[in-house]
Amino acid sequence: MKADSERRDTDEGSIGDEESADDAAATDGSVSDDAVSDDERDALLSIAHGAVVTSGGISFQRGLSVWIELVLTRGLGPELYGVYAFGWRLTTMLLRFANMGANMTLQRDIPAFADDPDRQRRVLGLSYATTAATVFALAVAIGLSADWIDEVTISHPTFPRALRLFAVLLILIAFVQLHATALKAALSANGEVLLNRILRPGLRLLSAVAAIALGYSVVGVVGVLVVAFGVLAVAAYPATTRVTGIRPSFSYRGFRSEARHFYDHAIPSALSGIGALLRTRVDVILIGVFLSATAAGIYNVVLVLVGIAAIPLYAFNQLMPPVASDLYSSGRIGTLNDVYRTVTRLVVTTTVPLLAVLAVFGQELLAVFGPTFSRGYGVLLVFLAGRFVGNAVGATGILLSMTNNHYPKMILEWFLAVTNLVLTYLFVLEFGLIGAALGTSVAIAVQNLLQVLLLRRFEGLWPFHPTFLKPLGAGLGMVGVMAVVRTVFDGALAVGVGTVAGLVVFLALLVAFGINPRDRLVVDGLVDQYRYVMDAKLAELR
């Protein structure tokens, strides 16, 4: 830990200085040039720009996901949709470690080796080779055990054939995901969003519509997805290497020493991913084992809606890994802490209104998928509580990985995975569908809070500040207004009128409480940046 202490000494006095800077700036409502360093300003604007681009992409992705589930629930019916949903969730679960931790290592090493293109090429080559070996092994294992998995879970005659096709789909999506990670590591937010947030869900929607229109059942839907993603996986590779300027190298020269450095980070990251998988998605497996295909479908629709509340965290975390890696590797720990705190406050501010709408109008939103799915409202509320804790602590997992604390993270993930497995098993047996959500939400909340303490202990990083109370207070006012609207109107009208009225109240209260000077700096900086780009484009057209 001596090295960590030396890093903190190089940025002496900056950790915790946000309070004094904010207080000083609050006297005149602005931030002076001295209040925020150039490094912090650049980091915040990079992350915020990535968040703007990504939030648009993720919002588009989530919107398409809702339409995908609408098409499939209406076209397949609750039971067959449950078969599809269970297979899709198993596939997305395996994607969490389909590249054996290469995703996090790639995001750490590409920016860290910016001055060494040969090492960047070797790291990218190792990432592709590792992904290929891991995902093909997983696909073969799934294909061989499909009948057994069906027997011990939902026991549906169409599931084994669908699951074998899902195994092929796993291979294709894993490579598409790796292309997107390479773009992200190279700070190409636009490229990552286009590939991962627009093309991927867009192809899923088109495939679902085409399959249902042709009268296909579950197996046909997955088959069409395999064809679509096969085309995307092949076509995206040359585009990725062109945008990043990095072509993967598979040369033996230097590979052995690079592999040692690579896997020292990748394997613990993969084991953390497996632990996180058991901690966050063991509920899906237990639902398949103990409950019905219809229950699996309801649960999947709830997870789709909960995913909307995760947009702010994913958006602001888009460029956090390379920015954090750069700041940490150059010893600017104080700046990293200031960035972490500001970004986390922005995540909380943008999360609160989403949680409020989903909590107040959750029943109406679930009913859109069909009356059967309204049974998931209690499950939705439990998940929203866990999601709030997860968003409120910010990029804890990313920062542990980027600051080389991946071994403590791995140990924590596994400890909580075992705890979650036991709790969720007991809760599902006792409470049914809502018990699965309860076990997972408790594990998510505990894990994120413990990761905050690990960051505090090892690196002195701490995200919380009294200014977090302002968006929380504004959120309570928003909930109150929407609850009143819900008593006056019904159905879609209540959702529309209530959401608009609630957002107006939220923004008014936020302004009344006072917007944080650093948050205003980020907004003003982005406005100036986009205005400059717009003016330049208009000048070209004249």
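No side-chain heavy atom of Phe316 sits under 4.5 Å from any side-chain heavy atom of Thr342. With a 4.5 Å cut-off on side-chain heavy atoms, Leu194 and Leu183 do not count as touching. By the 4.5 Å heavy-atom criterion applied to side chains, Leu170 and Leu95 are counted as neighbours. Residues Glu69 and Asn300 meet the side-chain proximity criterion, which asks for heavy atoms closer than 4.5 Å. Residues Arg121 and Leu124 have side chains not in contact (no heavy-atom distance under 4.5 Å, counting atoms from C-beta outward). The shortest distance between side-chain heavy atoms of Tyr377 and Val302 does not fall below 4.5 Å. For the pair Val348/Val352, a side-chain contact is recorded, criterion being any heavy-atom separation below 4.5 Å from C-beta on. Counting heavy atoms from C-beta on, the side chains of Tyr328 and Glu459 come closer than 4.5 Å.
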Subject >> Val357/Met478 under side-chain contact (heavy atoms from CB on, under 4.5 Å): CA gap, chis, key distance, verdict >> reply: CA-CA 9 Å; Val357 171; Met478 180 178 179; 3.8 Å; yes
Subject >> Verdict with reasoning, Leu44 to Val343, per side-chain contact (heavy atoms from CB on, under 4.5 Å) >> reply: CA-CA 8 Å; Leu44 285 174; Val343 169; 4.0 Å; yes
Subject >> Met100/Thr131 under side-chain contact (heavy atoms from CB on, under 4.5 Å): CA gap, chis, key distance, verdict >> reply: CA-CA 7 Å; Met100 194 56 73; Thr131 298; over 6 Å; no
Original post:
When you look at Leu365 and Leu305, which way does the side-chain contact (heavy atoms from CB on, under 4.5 Å) test go after all the steps?
Top reply: CA-CA 8 Å; Leu365 295 173; Leu305 290 185; 4.2 Å; yes
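Looking only at distances, a side-chain donor or acceptor of Asn391 sits under 3.5 Å from a matching main-chain atom of Ala309. Proximity of a side-chain donor or acceptor of Thr396 to a complementary backbone N or O of Val393 within less than 3.5 Å is not detected. Judged purely by atom type and a 3.5 angstrom limit, Lys470 uses its side chain to pair as donor or acceptor with the backbone of Gly514. Side chain of Ser330 to backbone of Leu327: a donor-acceptor contact under 3.5 angstrom is found. Between the Thr350 side chain and the Val347 main chain, a donor and an acceptor come within less than 3.5 Å of each other. Checking side-chain atoms of Arg341 against main-chain N and O of Trp462 turns up a donor-acceptor pair under 3.5 Å. With hydrogens and angles ignored, the 3.5 Å screen pairs a side-chain donor or acceptor of Ser441 with a backbone N or O of Val382.
When all heavy atoms of Ala182 and Thr244 are compared, the pair lying nearest together is O-CG2, 3.7 Å. Nearest heavy-atom pair across Leu64 and Ile198 is CD1-O, 4.2 Å. When all heavy atoms are compared, the tightest approach of Ala180 to Leu195 is N-CD2, 3.7 Å. Here the closest heavy-atom approach between residue Leu313 and residue Gly390 is recorded as CD2-O, 4.0 Å. Among all heavy-atom pairs drawn from Tyr340 and Ala395, the shortest one is CE1-N, 3.8 Å. Residues Ile444 and Gly386 share a closest heavy-atom pair of CG2-O, 3.9 Å.
Checking Tyr263 against Thr105 by side-chain atom types alone, no donor-acceptor pair falls below 3.5 Å. Between Tyr407 and Asp264, the side chains place a donor N or O and an acceptor N or O closer than 3.5 Å (distance only, hydrogens not considered). At a cut-off of 3.5 Å, with distance as the only test, no side-chain donor of Asn196 or Gln177 sits close to an acceptor on the other residue. Under the 3.5 Å distance criterion, with hydrogens and angles disregarded, no donor-acceptor pair is assigned to the side chains of Arg520 and Asn516.
Every residue was checked against the side-chain hydrogen bond (donor to acceptor under 3.5 Å, both in side chains) condition with Thr344, not counting sequence neighbours, and none meets it. Not a single ring pair (Phe, Tyr, Trp, His ring centres under 6.0 Å) links Phe361 to another residue, sequence neighbours left out.
Interatomic distance, CG of Leu507 versus CD1 of Ile515, reported as 8.5 Å (0.5 Å rounding). Between the CG atom in Leu94 and the CG atom in Leu90 there is a gap of 7.0 Å [rounded to 0.5 Å]. In this structure, OG1 in Thr403 is found 10.0 Å from NZ in Lys409, a value given to the nearest 0.5 Å.
The distance between the ring centers of Tyr128 and Tyr237 falls below 6.0 angstrom.
In this structure, Glu40 pairs ionically with Arg518, as a charged nitrogen and a carboxylate oxygen lie closer than 4.0 Å.
Checked against Asn405 for a side-chain contact (heavy atoms from CB on, under 4.5 Å), the options Leu400, Leu454, Leu412 give a single hit: Leu400.
In this pair, Phe464 and Phe468 present their aromatic rings perpendicular. The plane angle is above 60°, beyond the 30 to 60° band.
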